[in-house]
Amino acid sequence: MAESALKFLIQHLGHLLVDEVQSLKGVDGEVPELINEFESIKSVLRDADARQDTDEGLKTWVKQIREVAYDFEDVLDEFMLSQAQKQQGCVDFLCILIKQFMVRHKTASSIRDIKTRVSKIKERRDAYSLDSTGQTSNSKKKDPRPKALFVEKADLVGIDEPRKKLIERLVNKDSRLLTISVVGMGGLGKTTLVKKVYNDQQVKKYFETYAWITVSQSFKAEEQLRSMIKQFFKAKEDPSPQGLDAMTQDELIQELWSYLQDKRYVLVLDDVWEADVWNDIGGAFPNNENGSRVMITTRKGDVASSSYGPSNHIYHLQPLHPDNAWSLFCRKAFQSNEENSCPQELEELSQNFVKKCRGLPLAIVALGSLLSMKDKTYVAWEMIYRSLGLEFESDNSLRRMMKILLLSFNDLPYYLKSCFLYLSILPEDYPIKRMKLIRLWIAEGFVERKEGRSKEEVAEGYLNELIARNLVQVAERKLYGKVSTCRIHDLVREMIIPKFREEHFFASSVEDNTMPCNRIRRLSIYKDENFPKFDAFSRLRSLFIFGAERLSNAPAITSFSSLRLLKVVDLENTSMGIFPDDLTSLLHLRYLSLQNTKINKLPSSLGKLKNLETLNLKGTFVCELLAEILKLEHLRHLLVYRYSTGDGYYIPFDCINGIKVPAGIGSMRSLQKLAFIEAESGIIRELGNLTQLRRLGINKLRVEDGNDLCTSIEKMIHLQSFSVTSMDEEEVLDLHSLSHPPLPLQRLYLRGRLEKLPEWIASLHNLVKVYLRRSRLRDDPLKALQSLPNLVELILDRAYDGEELFCEGRGYPRLEKLLLTELSGLKKVRVEKGAMSSLEKLDIRRCEELVEAPLWLEHVNNLKILYLYDMSDAFLKGLRKDGTEELVDSIRHIPLIRYIETQAYTHRDLSRF
């Protein structure tokens, strides 16, 4: 983390002061020198960061580096703030000169003090024998995985099915050299599972020779090759070759290759951390068409997907099923009980402990073992549950488990460590939305610039890398594969919270915090009664408030003026009704979320927030933006819409309330997301200047504005999501003149009368979702769109006036969800065999003339859900065999068939008949 702090400082802040440093007489040459000193220190920090847990002196050294980096950042931010404010408040020229002199003097003095501190820190480095590569003379890494925490044979649960699958892969008749990669987060039981497979008698009999190598992070090719040779020779009871210890790496590879070329062998590489391991040793393993196998275990997805032979199979090990997790917990926690049964008074707490482990065997064993030694009383267990973070520091088993789980964190590159820690700022079980997280990372300055890619694209790459490393778990994905929400493991969150406190990275009002308030840089407030006095947090960079229902009664929130350095303010879902005027004094502010508050008006002073990148007004009552918004030239995301749900299951046509924007919106050229705005002729023409847009939403479009909109859209070469709604249900959406639509377009929402589908839609091969509402098409849209190769979701809501929908064979190869709603004239749906082969969910609603049962579904083998809403009696009758409650053969394979009558609010599960 100290390395991350220094890298952030050097890359994102240093140049700001260098640009202004000419006015700081006496220190103008010292700032570049300081940055060079920081670069020198940074080069040795990676090893120091990893070693500080076992070396108190080194820990102090790393802390001093982090603190001086934070202090230098504060000096920079304060200086830049004074530069931005120098024309505000003082109209007298003399007043301005005096104020500037004082600021320069203070800044210069602070820089000299920091330089002195850095020099002393650099001198102390020699005391820890750290060289410029960050290594020490005796810094050889050891495998920290404690054997005591491997699950014992008697405690193995839920392992039979994956064991069988892996054995089948190993001993199948494929003669090629195959690789089986078992991937999952630390503590999931990968080594335990593969060891069970490796020692299976069926496997031992199938292969002539075998070897198991623990790779870990300290992999050395020559040592591992010698170990392999000894194991392979021993398995065949052959003597090891002479002079083995003197052989070079190339000689070892040749020796092993010659020995294995006519044998069927299996090699296990356990705990692989780098994808290039195979490059070092792969030449030793011939593809001898003998059915040989290589198995690897790893925490990292890129390692699992690397080439370890001609064919690679990846097995994603899943957490334990809740029943198996409970069984394992009871075996460990209640081992003194012959039946391993949980006392009734401890059952709820025990379930909470198991839930916190989220199916992680290592965590279940460690927690269960800890609790087995405690009094079996509710009071004793409840205290442990409340203070689990403290237990990690005091209990040996939990401390060893923590080291295993945190190996993945310690392996992160510097640019991912802060990003990962940031996920724990949000409350436990809080759904972390992908785009919100990306915008926050950017606002904090964690995202590096990369040529040819937007910051959002770089940040999404960060998230995908954390997911591939199994440090971040995907909670929900969109149908088309994008991550929707994510989370981190509860116990990992518990373990890294102490790091927050120690490094002043983050504090929470729900916890007892001993760190000084003026050092805290990020603060989360979860409850109304825990509002602190904000003037104590002078160095705060980010403020989050969650669940403050009585926010208007909290006096502390009425003033932000003391939080001069804030970059992030998130007041989402609070009861705030008036925009705090002094928010606009936060000139460093980059992210402001007022989502789902009661605010209905923005102040004219909003234009002062020159650095604002995200303004989230979703779900507020703001209906118009003043011209001052145009001063926010760095604004990238403007979210300004509110949904109206209507009554019951019926959604009104104008369900999305947009906002009026001022003339001149086209000058905001940094905008990437603009949704939703009300259409006006001048505004529509200006949109063509917003060439960086990725998402655009427009409401109340008139037919005469259609050509101008098409002209503007053609200039948006990065557009990925486009939504447009006409003035009313009878107003025609004239979008036919769009001759060159943006090729990256993935999501298309058209609400309004079309009558004829624009031809350009069928040419958009990247489309994954199409939503047509109140289109009243005359020609069959199902047939018109069937050739779209990547379409995953299609919604036709009162979109077609015809009598028949038809899809030819091989149409919609990737479609997973199809929704047909209120197609009042529809009488028949025909889908040829081979079409919609990926369909998983079919939803048919209020198609009153449709009486023919969907017999074509007998060819759709992947269908899992069939939802029917308010369908005719004749249609429902066609689902059953004559005179019985038994379903017709064409739909019996569907696991869930549900019929819903919205007027009567009744649900029936037809699949149970």
Side-chain angles (χ1 to χ4, degrees), residues 161 321 323 477 479 648-651 769-771 780-783 785-786 791-800 802-913:
E161 190 60 33
H321 184 278
D323 292 343
R477 285 190 185 271
L479 277 177
Y649 290 88
Y650 293 91
I651 302 174
K769 180 175 182 177
V770 173
Y771 179 17
D780 183 353
L782 200 63
K783 185 175 182 180
L785 300 175
Q786 65 183 356
L791 196 65
V792 175
E793 184 174 2
L794 176 60
I795 299 175
L796 303 176
D797 182 351
R798 207 179 295 181
Y800 176 52
E803 295 184 355
E804 180 177 290
L805 289 172
F806 173 66
C807 178
E808 297 174 352
R810 296 189 178 181
Y812 297 103
R814 295 190 59 190
L815 192 71
E816 296 179 16
K817 180 180 178 181
L818 175 62
L819 192 152
L820 309 174
T821 297
E822 295 188 60
L823 305 180
S824 57
L826 185 65
K827 295 183 178 179
K828 189 173 185 180
V829 178
R830 288 194 302 125
V831 177
E832 289 186 345
K833 186 177 181 179
M836 300 188 186
S837 56
S838 301
L839 191 66
E840 295 183 359
K841 182 178 180 181
L842 175 61
D843 199 326
I844 306 177
R845 306 183 182 197
R846 295 181 287 279
C847 296
E848 298 172 356
E849 296 296 316
L850 185 62
V851 296
E852 185 176 296
L855 303 180
W856 55 274
L857 290 178
E858 65 180 323
H859 306 305
V860 184
N861 298 323
N862 289 317
L863 195 65
K864 297 179 176 62
I865 299 173
L866 174 60
Y867 278 168
L868 305 168
Y869 292 74
D870 299 329
M871 299 298 291
S872 67
D873 291 339
F875 180 88
L876 296 175
K877 185 177 180 180
L879 300 178
R880 304 186 183 95
K881 293 183 177 179
D882 292 338
T884 70
E885 291 293 319
E886 188 177 356
L887 296 175
V888 294
D889 294 338
S890 58
I891 62 173
R892 284 180 60 85
H893 65 286
I894 305 173
L896 178 61
I897 305 173
R898 180 164 291 172
Y899 175 62
I900 302 168
E901 291 184 82
T902 58
Q903 296 295 335
Y905 294 98
T906 60
H907 299 242
R908 281 187 283 164
D909 190 350
L910 302 185
S911 53
R912 299 193 175 204
F913 287 170

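The analysis underlying the following values was restricted to heavy atoms, covering all of them including side chains, and did not include hydrogens, waters or symmetry mates. Predicted model only: the values in this text are computed from it and were never measured. Throughout, residue positions are numbered sequentially from 1 according to the sequence presented.
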Nearest 0.5 Å please: distance from the [atom1] atom of [X] over to the [atom2] atom of [Y].
X    : Y    : atom1 : atom2 : value
L839 : L818 : CG    : CG    : 6.0 Å
K827 : E848 : NZ    : CD    : 13.0 Å
L823 : Y800 : CG    : OH    : 9.0 Å
R798 : S824 : CZ    : OG    : 7.5 Å
I894 : L887 : CD1   : CG    : 8.5 Å
L782 : L815 : CG    : CG    : 8.5 Å

- request: With sequence neighbours left out, write down each residue that passes salt bridge (Lys or Arg N to Asp or Glu O under 4.0 Å) with K817, or none if nothing qualifies.
  value: E793
Less than 4.5 Å apart, any side-chain heavy atom of [X] and any of [Y]?
X    : Y    : answer
K769 : I795 : yes
Y869 : D843 : yes
I891 : I897 : yes
L805 : P781 : yes
L879 : Y899 : no

message: Treating Y867 as the side-chain partner and L819 as the backbone partner, does any N or O pair qualify as donor plus acceptor under 3.5 Å?
response: no
message: Quick check on K841: does its NZ atom have over 12 non-hydrogen neighbours (other residues, nucleotides or ligands) under 6.0 Å away?
response: yes
D323, CG: over 12 other non-hydrogen atoms inside 6.0 angstrom: yes
Give the minimum heavy-atom separation between [X] and [Y], together with the two atoms involved.
X    : Y    : answer
R846 : M871 : N-SD, 3.9 Å
E808 : A835 : O-CB, 3.1 Å
L791 : Y812 : CD2-CE2, 3.7 Å
L479 : E816 : CD2-OE1, 3.5 Å
K881 : D889 : NZ-OD1, 3.1 Å
Q786 : P813 : O-CD, 4.4 Å

field: From CA spacing to verdict: salt bridge (charged side-chain N to carboxylate O under 4.0 Å, His left out), E803, K828
entry: CA-CA 6 Å; E803 295 184 355; K828 189 173 185 180; over 6 Å; no
Distance-only check: which donor-acceptor pairs under 3.5 Å involve side-chain atoms of residues 850-864, not counting sequence neighbours?
unit_1, atom_1, unit_2, atom_2, d
N862, ND2, S837, O, 2.7

message: Does this structure show an ion pair linking E832 with R810, if we count only N-O contacts that are shorter than 4.0 Å?
response: no
- prompt: Step by step, would you call F875 with L868 a side chain to side chain contact (heavy atoms under 4.5 Å, CB included)?
  reply: CA-CA 10 Å; F875 180 88; L868 305 168; 3.8 Å; yes
